[in-house]
*Asks:* 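Can you keep this structure in mind? I'll have questions shortly.
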Amino acid sequence: MVAVRGVLTRLRKRSGLSPDRLHSTEIDTTPLLQLAVVRRYAHLRALTPQAAAPLVVGQLARRLPPTQRLIVDAELSLGLLRDTPPAGLDLDRLYGPDLGERRAYLATHWRTLHDALGADQVPAAPKVRTLRDTPETQAFTALARLLTTGSELDLTHPGDPGRCPTVTVVGDAVVDQISVVETFPEPGTSHWGDFVRHPGGKGLNRAVALARLGIDARLVATIGDDGDGHWIVDYLRAQRVDTSLVTVTDTARTPVTTVILTLAGESAAIAFKQDRLRLTERDIDSAVVRAALAASDAVLVTFEQPIDIVARVLAMVHAMAPRPWLIVSASPPTVLPRHLYPHLAAVDYLVGTAKELTATWPGSTAEESTNRLLQWGVHAVCLIDSHGCTIRSRTAHTRVRHVNDTADFAAGASSAFSSALAYRLTTTRRPAQDADFEWVTAAISARTPASNIPESMPSIQGIDARAPLTTANRDHTPIAK
């Protein structure tokens with residue numbers, strides 16, 4: 001907050017705050033331009049951070065008490081009164097090119113300006129010297145606090161008609177080093193192949209898949225302040241994923257994962273553990289992330305982050321009223337700690353393979369783990385395999401098969417399924433029904449050939465083209481009590 005306040009107080013000099021000033025100034029405006037609220041606004045309005053920042057500052061300044069609003073409005077030359085010019089005031093002088101003259105006009109017309117805002121109480125008019133002391137410090141501190149506490153601007157509430165659904169993904173963003181081979185090499189053998197590098201990670205893959213379906217996708221992840229990290233951010237922005245919740249740090253390098261991908265679509269991965277960047281409780285507990293989760297229509301969580309972070313996210317969503325949809329991808333395979341159990345009741349859908357579901361409770365089968373998840377309150381468990389998906393809840397058992405004309409159960413299957421499920425939930429605004437699961441399962445087959453997972457994620461049109469093929473391939477069996 002202190003850094004943001006410092007930028008604002010320096011920008012008030014001369015002509016104040018404007019996109020042109022932000023582009024040309026020698027002042028380091030990074031603390032302001034990198035604010036999550038500025039990046040979020042820029043993403044939604046397709047603006048540069050320099051163009052978004054004055055609009056964000058102006059909108060938040062309107063939320064200040066009248067005296068503080070007038071001070072930051074005049075000194076930053078925000079022009080908040082130009083929409084409805086009050087009678088008897090010369091706004092060209094209030095928003096003039098010189099800070100000293102703006103201060104003097106503010107002090108001289110103190111009561112008239114307060115009356116224009118409908119202020120109930122008007123403090124005694126200060127002299128310019130007095131204005132420069134405590135009143136200005138308090139006003140700019142209050143504005144900086146609003147900017148740094150995750151306020152969401154000009155957004156309708158979740159569920160409002162005519163609004164693009166928002167899904168926040170909590171996961172990883174990495175660089176995949178992909179070796180493409182015909183088949184997995186046997187020990188002691190070598191194969192010809194190809195090598196590519198591409199942004200990846202289970203969190204990133206799902207965020208890109210959501211954006212491809214027209215969802216307002218936000219990613220919560222941590223990357224390094226290095227070339228790979230900047231590449232990831234640029235790629236996400238190009239894919240229309242909101243990066244305002246992606247933390248950039250210089251404490252470690254951007255994670256790298258080695259992936260072996262066969263021509264049939266099968267994959268195996270080697271994740272680099274040393275100095276691997278992870279989200280922290282401080283990241284998750286920040287006002288910015290809390291506000292983002294609360295404003296989301298759905299939250300999608302993978303097991304890439306430390307399980308304590310996953311538990312914290314589940315606990316936060318569990319305590320919200322109303323709650324967003326909560327989808328958990330049980331990938332990579334992870335043992336669930338006991339302190340997470342009470343918050344499983346917040347999970348609407350848990351998605352995983354037999355191996356991933358088995359791992360949640362060591363020594364259990366996938367069916368036994370599914371039963372335990374349901375007993376602890378998970379609404380439904382979705383087990384995906386090479387032939388389709390089995391959906392289990394306490395009251396229903398549905399099996400949806402897909403057409404195996406490609407390697408359907410391969411790299412990216414879970415990302416496509418989870419993202420399509422989030423799309424269906426947030427656009428229909430009701431629990432998924434059989435027809436929804438037919439469409440969601442079709443997303444697995446609708447992936448397109450690509451040398452990396454995010455580029456293979458399907459479009460709505462691609463899923464629609466596949467979905468009719470699955471409508472006759474459903475077995476529905478109620479669960480026996």
*Asks:* Tell me which pairs pass salt bridge (Lys or Arg N to Asp or Glu O under 4.0 Å) where either residue lies in residues 282-295, with sequence neighbours left out.
*Replies:*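 The answer is D285-R290, D285-R312.
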*Asks:* Heavy-atom distance under 4.5 Å between the side chains of T427 and L213, does that happen here?
*Replies:*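 No; the side chains remain at least 4.5 Å from each other.
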*Asks:* Using a strict 4.0 Å threshold on nitrogen-to-oxygen distance, state whether D308 and R278 make a salt bridge.
*Replies:*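 R278 and D308: not salt-bridged.
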*Asks:* Taking the side chain as C-beta and beyond, is there a heavy-atom pair between P458 and R212 under 4.5 Å?
*Replies:*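 Counting from C-beta outward, P458 and R212 never come under 4.5 Å.
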*Asks:* For H379 and S393, which heavy atoms make the closest approach, and how far apart are they?
*Replies:*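 The answer is O-CB, 3.3 Å.
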*Asks:* Using 30° and 60° as the class boundaries, would you call the ring planes of W361 and Y341 parallel, tilted or perpendicular?
*Replies:*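 Plane angle between 30° and 60°, so tilted.
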*Asks:* Please say which of L32, L22, L33 ends up in a side chain to side chain contact (heavy atoms under 4.5 Å, CB included) with V7.
*Replies:*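 Single side chain to side chain contact (heavy atoms under 4.5 Å, CB included) partner of V7 among L32, L22, L33: L32.
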*Asks:* According to the side-chain hydrogen bond (donor to acceptor under 3.5 Å, both in side chains) rule, which pairs have a member within residues 313-327, sequence neighbours left out?
*Replies:*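 Sorted pair list: H318-H343.
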*Asks:* Quick one, N452 and V196 - any side-chain contact, counting heavy atoms below 4.5 Å?
*Replies:*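 No. Closest side-chain heavy atoms not under 4.5 Å.
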*Asks:* Taking salt bridge (Lys or Arg N to Asp or Glu O under 4.0 Å) as the test, write out the residues that go with E136, two or more places apart.
*Replies:*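 Once residues adjacent in sequence are excluded, the partners of E136 under the salt bridge (Lys or Arg N to Asp or Glu O under 4.0 Å) criterion are R12, R103.
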*Asks:* Do Y349 and I391 make a side-chain contact, defined as non-hydrogen atoms from C-beta onward lying under 4.5 Å apart?
*Replies:*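 Not touching, per the 4.5 Å side-chain cut-off.
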*Asks:* Does a side-chain heavy-atom distance below 4.5 Å link H43 with V241?
*Replies:*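 SC-SC contact between H43 and V241 ruled out.
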*Asks:* Is the shortest side-chain heavy-atom distance between I460 and Y423 below 4.5 Å?
*Replies:*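 Heavy-atom side-chain distance check passes, below 4.5 Å.
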*Asks:* Can you find a heavy atom in the side chain of V57 that is under 4.5 Å from one in the side chain of L78?
*Replies:*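 Heavy-atom side-chain distance check passes, below 4.5 Å.
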*Asks:* For the residue pair S414 and R206, confirm or rule out a side-chain donor-acceptor distance under 3.5 Å.
*Replies:*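 Yes, side-chain donor-acceptor contact under 3.5 Å.
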